[in-house]
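Here's the structure we're looking at; comments come further down.
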Amino acid sequence: MKDWWQVTFPKGRQSITISDAHGYPVQIAYGEIGAGRPIFFLHGMGSWSYNWRHSIQPLSKHFRVICFDAKGYGFSEKPLLRREHSGHQVIEFERIIQSLSDEPVAIVAESLGGLIALALAQEYPQLIARLVVVNVPIFAESLPHWGMSLLAQTPLEVIQAIDTLALANLLAPLVREVMAIERRRVLFDPSILTQEDVYWITYPYTELRGTLTKVAEEVQIAVREIENLKANKPNLLSKIQNHLSSIHCPTLVLWGKQDSWFPATHGEKLHQHLPNSRLEILPNCCHDASTGAYKVLNAAILEFLQDTQFC
């Protein structure tokens, strides 16, 4: 199997070192292609840059496209000796942008990545010129998937032991089969997911130790956020919800009409709370829009950026 990074980006996989939310240096994997104004793509929970495989080339014809793996995901560093806290990705995303761009950027972010992007737009508005968010868990009241619930209930020490013993690698065929089944459930047309897709989607889990632990840690943070929201305790989720009106950059909200994880009504509600936004419901699209509806998605992103003169 050819290296996806090498095939996709002229310089293949590159890396930068940033200070993470704890102040420790961590390596972040990224790739870039194209010229012009910068667009940063941010993946969702459990994913990595590969999720944007259908958008990178088309949009690189018009912009400088930068895809990166958040800390703990994909090919980025996975520090296992330090526990994360809510909001760490917002701090680290800001530092990634500062390292790779000297001008305000456009952000295209999916699922949990969209939530991080909204928080970033509130905390660091000077960094963002345009914002595109897709199927965001902004009004989530529970975990949307049984696998997440399982990770949330399993002690991190157990999951880390599985990582350390490389059991996911030993059971790679089973891991790929389970992941394929679950990924197809969030696609309107499950048949479009190829064996190559399954190989690369699961690669960090089967080949890069620490991936499962860090994803489980993020899931457990999400659970605490939802629990604190329901208990009226301080939490990042309600903070983002309560300050949506402070986001003034042109924003495009994209939502899959058939998203069973977070319904399209959430997209309508988000649009109503963002003063300078437009909403587009994507037909024949479930939660995984970047894979399942990439043609409509790419067209909507390009039209929005051109209409708002991001060029």
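The chain is numbered in sequence order, starting from 1.
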Provide the full list of side-chain hydrogen bond (donor to acceptor under 3.5 Å, both in side chains) pairs with a residue in residues 243-259, sequence neighbours left out, each pair given once.
->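 Every pair satisfying side-chain hydrogen bond (donor to acceptor under 3.5 Å, both in side chains) with a residue in residues 243-259: Asp259-His287.
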Closest approach of [X] to [Y] (non-hydrogen atoms, all atoms of both residues):
X	Y	answer
Pro38	Ser101	CG-OG, 3.6 Å
Val133	Gly114	CG1-O, 3.8 Å
Leu254	Leu297	CD1-CD1, 3.5 Å
Lys239	Gln122	O-OE1, 4.2 Å
Glu92	Ala21	OE2-N, 3.0 Å
Thr17	Pro25	CG2-CB, 3.8 Å

Please tell me whether [X] and [Y] have a donor and an acceptor in their side chains that are separated by less than 3.5 angstrom.
X	Y	result
Gln272	Glu268	no
Arg183	Ser47	yes
Asp288	Ser290	yes

Closer than 3.5 angstrom, by distance alone: can the side chain of [X] be matched with the main-chain N or O of [Y] as a donor-acceptor pair?
X	Y	result
Ser60	Ile33	no
Arg209	Thr164	yes
Thr308	Phe304	yes
Glu225	Leu237	yes
Asn169	Glu207	no

I would like to know whether His88 and His22 meet ring-ring contact (aromatic ring centres under 6.0 Å, His included); could you show each step before the answer?
-> CA-CA 8 Å; His88 76 93; His22 295 286; 7.8 Å; no
Give the ring-plane orientation class for Phe68 versus Phe93, where under 30° counts as parallel, over 60° as perpendicular and anything between as tilted.
->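 Tilted, since the angle between the ring planes falls between 30° and 60°.
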Could you check whether the rings of Phe41 and Trp52 sit parallel, tilted or perpendicular, using 30° and 60° as the cut-offs?
-> tilted
Among the clusters formed by ILVMFWY side chains lying less than 4.5 Å apart, do [X] and [Y] turn up in the same one?
X	Y	value
Trp48	Met45	yes
Val134	Tyr294	no
Phe310	Val108	yes
Met179	Leu170	yes
Leu151	Trp261	yes

Does the side chain of [X] reach to within under 4.5 Å of the side chain of [Y], using non-hydrogen atoms?
X	Y	result
Thr291	Arg53	yes
Cys67	Phe9	yes
Arg95	Gln98	no

Do NZ/NE/NH1/NH2 and the carboxylate oxygens of [X] and [Y] come within less than 4.0 Å?
X	Y	answer
Asp307	Arg278	yes
Arg185	Glu182	yes
Glu227	Lys233	no

Would you mind listing every salt bridge (Lys or Arg N to Asp or Glu O under 4.0 Å) that reaches into residues 15-43, with sequence neighbours excluded?
-> Asp20-Lys71, Asp20-Arg82, Glu32-Arg64, Arg37-Glu103
Spacing of Leu131 atom CG and Cys249 atom SG [to the nearest 0.5 Å] |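 One finds 5.0 Å between CG of Leu131 and SG of Cys249.
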Given the rule in the ring-ring contact (aromatic ring centres under 6.0 Å, His included) test, do Trp4 and Tyr203 qualify, once you have shown the distances and angles that lead to the verdict?
-> CA-CA 11 Å; Trp4 177 78; Tyr203 187 94; over 10 Å; no
